[in-house]
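Structure first, then comments.
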Amino acid sequence: MDLFTFLKPKNELEGASADTELNRPFVPDSMWVKCTGCGAMLLMSDIEENDKICTKCGYHFRLTARERIKLLADKDSFAEFDADLMSKNIIDFPDYNRKLKSSKLKSGENESVVTGRCTMGGYDVVLCVMEPGFMMGSMGIVTGEKITRAFEYATENMLPVVVCTVSGGARMHEGIMSLMQMAKTSGAVKRHSDAELLYITVLTDPTTGGVTASFAMEGDIILSEPNALIAFAGPRVIEQTIRQKLPKGFQTSEFVLDKGFIDAVVSRKDLKVTLVKLLGLHNVKRAGEVEN
Amino acid sequence: MSAFDKVMAARDAKKPTTVDFIENMFGDSFFELHGDRRFGDDKAVIGGLASLNGMPVTVIGLEKGRNTKERMERNFGSAHPEGYRKALRLMKQAEKFHRPVLCFVDTSGAFCGIGAEERGQGQAIAENLMEMMTLKTPILSILIGEGGSGGALALAVADEVWMLENAVYSVISPEGCASILWKDESRAADAAQCLKLTAQDLFKLGVIERILREPKVEDKKIFESLKMLIARTFEKNLSMPVDELLEARYNRFRKIGDCKNEK
């Protein structure tokens, strides 16, 4: 069972080999895009102007980490942390070096998360955004390390943290070391929480596995974009285990909201306004100085 | 023994389970406590109080069952969210009474199913990871068979983690890994080798502190010496100021993985 495969939009599945399609951008680099939600043919420029939301049905296309930072951070305020941290093939996993290389090329990022400090509506925050183009946001040592460092920085500097998740889960290519990142990040989140600081998570499509079972579900406030897959075990894994078809809408943001595990489903259009409003309700400092 | 031989040994139905460890180490002193006080009582997780050579301890373990009937009842040791919530409830209770917590881990993984997802499997595990990191009492976890991913880790955020010599601990099952990597579950043995999941590998990677000899149920002596070892560890950790204990626990996980900035 290939976790990456079931996370793919259906129209990308046929005839594509796992390796080449894995890190392909989610919106083809052409003038026309077929909406994964409603099948409508959309002009690329239209959806880009619309924060990559389908103008017909409201489907949220996936954003790269940089696109999301642009969406959320005040203009030119984002100062990145640890951009040079890079994963190593620590357990000599077959083919992992090649995979890392191709992920870097395709996503333009060194890891599956971008972390830094910025202002958001004038409020000082630490912002971590996961990158779907880098091994589907899987969590390796460096992912865990960057998130941990971001939380430690925020604790030290008394700052709130906003984390936007998108992840297929722990990265098996790093074996047990990736699993340990779940504990490591959770420890850093707990210290931040014990310092009475605010942590907001924004779950985006898909958020699954080891990320769901660690920092994604540890926010004081948990938001999600509409119709995102939010799961511990993915739908295909469950179908294989219980040999039953899953009900429609199972494990969507709306489903998880109904079950009581997130606070609100927020359209991408309203995401920044919502975050700024929540920051404002928590006595968060307005930025004095921004690190550059 | 190859890595996959170890996986098979870890899954061996004749291997002592959590119940065997509890019976052999604590006998009649064990008193089982049930339920998560929220939804139900997950029988894949056994929890209770016991006396460890006179020291009250909280014991929590994932139990696969020792025969077919038990295995069905125990859901083959795959816990639902209420199992992890029961474990956390008992840990919080242990914290209140300054009792050390002893965890036995033996599971192929947290259960994958509709109910488990509906009731927040991910949230339940996440909460355990967070709360265990700052639980103000010593925690020791012993992997006695299979350590399947997040479902195992949810009982293994501890001051020390020990493994039996034929136990395994992995982010994904070798079968799952093989099917993702090579679209071929039958290559599980190769995947097991790649994943570095044996006690010996994990000791080298600095993920566990100790490798223990495999006990047999009839071997009373080995359980006695294990009890002594656990008691000594708890005594040492109980004598530490709580701040230091928690700092050490945090750093135990903080240092895993070698990360240096390139510049």
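The chains referred to below are lettered A, B, ... by the order of the sequence lines, with proteins before strands, and numbering in each begins at 1. Every heavy atom of this structure was used, including side-chain atoms; hydrogens, water molecules and symmetry mates were not.
Highest contact tally toward chain B, considering only Asp92(A), Ile230(A), Ile91(A), Asp82(A), is held by Ile91(A) [criterion: heavy-atom pairs under 4.5 Å]. When each of Glu218(A), Glu174(A), Arg171(A) is scored by its heavy-atom pairs under 4.5 Å with chain B, the top score falls to Glu218(A). For chain B, the option among Arg149(A), Gln181(A), Gln251(A), Lys184(A) with the highest count of heavy-atom pairs below 4.5 Å is Lys184(A). Per-residue heavy-atom pair counts under 4.5 Å with chain A were compared for Gly122(B), Gly120(B), Gly113(B), and the maximum is reached by Gly122(B). Of the listed residues (Val256(A), Ile222(A), Ile238(A)), the one with the most heavy-atom contacts under 4.5 Å to chain B is Ile238(A).
For Asp194(A), the part lying near chain B is the side chain, with the backbone staying farther off; criterion is any non-hydrogen pair under 4.5 Å. Using a 4.5 Å cut-off between heavy atoms, Thr241(A) touches chain B through its side chain atoms alone. Heavy-atom distances place the side chain of Phe255(A), and not its backbone, under 4.5 Å from chain B. Looking at Ala188(A), the atoms closer than 4.5 Å to chain B (heavy atoms on both sides) sit in the backbone and in the side chain alike. With a 4.5 Å cut-off on non-hydrogen atoms, Ser87(A) does not touch chain B at all. With a 4.5 Å cut-off on non-hydrogen atoms, Leu246(B) touches chain A through its backbone but not through its side chain.
Heavy-atom neighbours of Phe203(B) CZ from other residues, nucleotides or ligands within 6.0 Å: at or below the threshold of 12. More than 12 heavy atoms of other shown residues, nucleotides or ligands fall within 6.0 angstrom of atom CD in Gln93(B). Counting non-hydrogen atoms of neighbouring residues, nucleotides and ligands closer than 6.0 angstrom, the CE atom of Met1(B) exceeds 12 such neighbours.
A pairwise comparison of heavy atoms in Met172(A) and Cys177(B) identifies SD-SG, 3.7 Å as the closest pair. In terms of heavy atoms, Ser186(A) sits closest to Met130(B) at O-CG, 3.6 Å. The two residues Phe232(A) and Ala110(B) have their closest heavy-atom pair at CE2-CB, 3.8 Å. Considering every non-hydrogen atom in both Leu129(B) and Ala183(A), the closest pair reads CD1-N, 4.3 Å. Of all non-hydrogen atoms in Ser214(A) and Ala126(B), the two that sit nearest each other are O-CB, 3.4 Å.
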Please list, one pair per line, the donor and acceptor atoms closer than 3.5 Å that link side chains of residues 131-138 of chain B to other protein atoms, with sequence neighbours excluded.
| from | atom 1 | to | atom 2 | distance (Å) |
| --- | --- | --- | --- | --- |
| Glu131(B) | OE1 | Lys92(B) | NZ | 2.8 |
| Thr134(B) | OG1 | Lys190(A) | NZ | 2.7 |
| Thr137(B) | OG1 | Arg99(B) | O | 2.8 |

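Rounded to the nearest 0.5 Å, atoms CG (Leu246(A)) and CD (Glu117(B)) are 9.0 Å apart. One distance of note links CG of Leu179(A) with CD1 of Ile256(B); it measures 9.5 Å at 0.5 Å rounding. Rounding to the nearest 0.5 Å gives a distance of 10.5 Å between OG1 of Thr198(B) and CD1 of Ile176(A). The line from OG1 of Thr148(A) to CZ of Phe253(B) is 12.0 Å long, rounded to the nearest 0.5 Å.
Identified by a heavy-atom distance below 4.5 Å to chain A, the contributing residues of residues 146-156 of chain B are Ser149(B), Gly150(B), Leu153(B), in residue-number order. Contacts between residues 160-173 of chain B and chain A, defined by a heavy-atom separation under 4.5 Å, are made by Tyr169(B), Ser170(B), Val171(B), Ile172(B).
Listed by chain and residue number, Glu145(A), Glu152(A) satisfy the side chain to side chain donor-acceptor pair (under 3.5 Å) test with Arg254(B) (two or more places apart in sequence, or in another chain).
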Step by step, work out the side chain to side chain contact (heavy atoms under 4.5 Å, CB included) result for Met177(A) and Leu205(B).
-> CA-CA 8 Å; Met177(A) 307 304 265; Leu205(B) 287 166; 4.2 Å; yes
